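Note sheet for the following structure.
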Amino acid sequence: MAGKYQIPRGTFDILPEDSYKWQYLKNTFREVTRMFNFKEIVTPIFEKSELFERSVGVSSDIVQKEMYKFKDKKGRILALRPEGTAPIVRSYVENNLGRDGDLSKLFYIGPMFRYERPQKGRYRQHFQYGIENIGSENPYIDAEVIAVGFNFLKKLGLDNFELQINSIGCPNCTLDYNKALVKYFSSYYDELCSDCKIRIKKNPKRLLDCKVESCKKIALNAPSMLDYLDDECEIHFKKVQENLSKINIPFKINPRIVRGLDYYTKTAFEFIDNNLGAQNTLIGGGRYDGLVKQLGGNDVPGIGFAGGFERLIVSMEKEGLQFGREQSPDVFLVTLGEEAKEFGISFLSKLRNNRISAEISIDKNSLKAQMKAANKSKAPFALILGDNEIKKEEITLKNMETGFQELVKLADIVEKLLQILKIK
Ligand SMILES: [Zn+2]
Ligand SMILES: [Zn+2]
């Protein structure tokens, strides 16, 4: 049965049998960010499209090709958010979050939108998690932000990733570096792809980020940013490395990491899963010391990262990792006879009011059909109630895994369940 309507291209449903995986990732991310005292921020799914043009950059692929841009009924030009940082910085400035000089430590989880050719692991609506730490240029903060990503991946059980870091300098060191890049790539001008021919004029650093094989080969021998860092950026980068070592986070320096967006400065980093093939970045992030000012706020530095849940799931499944316990009720109530069913309905409510997750098969009457439903629900326990048992004020408690059955006084069953289910 295909149905009359199909899901839009490049999107997917998270079906009930899979949604516990997403729940698990969200819960784990919330747990880890809480250890570092980050608080959740939720911004709208659409913003004025100008926000992304100002921040991500008019020349970027995101704004040029991939943004879902539309006019609303009043002619306002809006965009479905392609990434999470610009909306958060917009909110930070608009709500004056830094007013007391405090650090803003924020995390978010939500869908992002990019109009691109769908392929495995690439969707038009995908789910991102990320953090932003706005208000300090202390290199310790760079290490702490990286530590959140590191601890999150570890907490999920992942072991097969590598942290790569780089410094992409500040506008001051970029001046000389850009000149060196233009000089280097100009000698290969005819071999560059058409996008890179534009990049060399508008944003030479992006030449290092091109995905076209021939451009990648040329970029291999391009000058390294690390040779062009000014004193301030060089010291900052060294301190970041010292802080990472202090908290036992292994890293590798990769001068090829540039990050695709205009607002990044100094530290850039990626967590790479080398078994994933071409799309192997689990988490990407970096410093954006100029962004708050660019969006109309004070000159306040910031740093953050983002990652996608879809790729994380692929990586975890490859490693054979579990996503916690699949959701199931604690008990499944089986009733035999009219009276028992009537009684069962109020008993079910009593269980639920006592924090016991309970289910019943309301339209099935035979023992066989109800036990089948109990099995399918994956509830660890079944409660079996017949007219006879009601008379004796008893109920049968069945352990669905071992098959062990016992009669329990109706008056005692809630207490007993709370105990064996370890519900506090
Ligand atoms: Zn610099
Ligand atoms: Zn290219």
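Just so you know, ligand 1 is whichever comes first in the structure, and atom 1 is the first atom listed for that ligand. In this text, all values refer to a predicted model and were calculated from it rather than measured experimentally.
The ring pair (Phe, Tyr, Trp, His ring centres under 6.0 Å) test with F309 singles out one residue from Y129, Y24, Y123, F127, and that residue is Y129. Among the candidates V32, T28, L156, the single residue satisfying the side-chain contact (heavy atoms from CB on, under 4.5 Å) test with N151 is V32.
For the pair L417 and L397, the minimum side-chain heavy-atom distance is below 4.5 Å. Looking at heavy atoms from C-beta onward, P82 lies out of side-chain contact with E66 at the 4.5 angstrom threshold. Residues F150 and P250 have side chains in contact (heavy-atom distance under 4.5 Å, counting atoms from C-beta outward).
In this structure, K65 forms no cation-pi arrangement with Y115, as its terminal cationic atom is not both closer than 6.0 Å to the ring centre and no more than 45° off the ring axis.
Of all protein N/O/S atoms, those under 2.8 Å from the Zn ion (ligand 1) are C170 SG, C173 SG, D230 OD1, D230 OD2, C233 SG, and waters are not counted.
Take the Zn ion (ligand 2) as the corner point: the lines to SG of C215 and to SG of C196 open at 110°, to the nearest 10 degrees.
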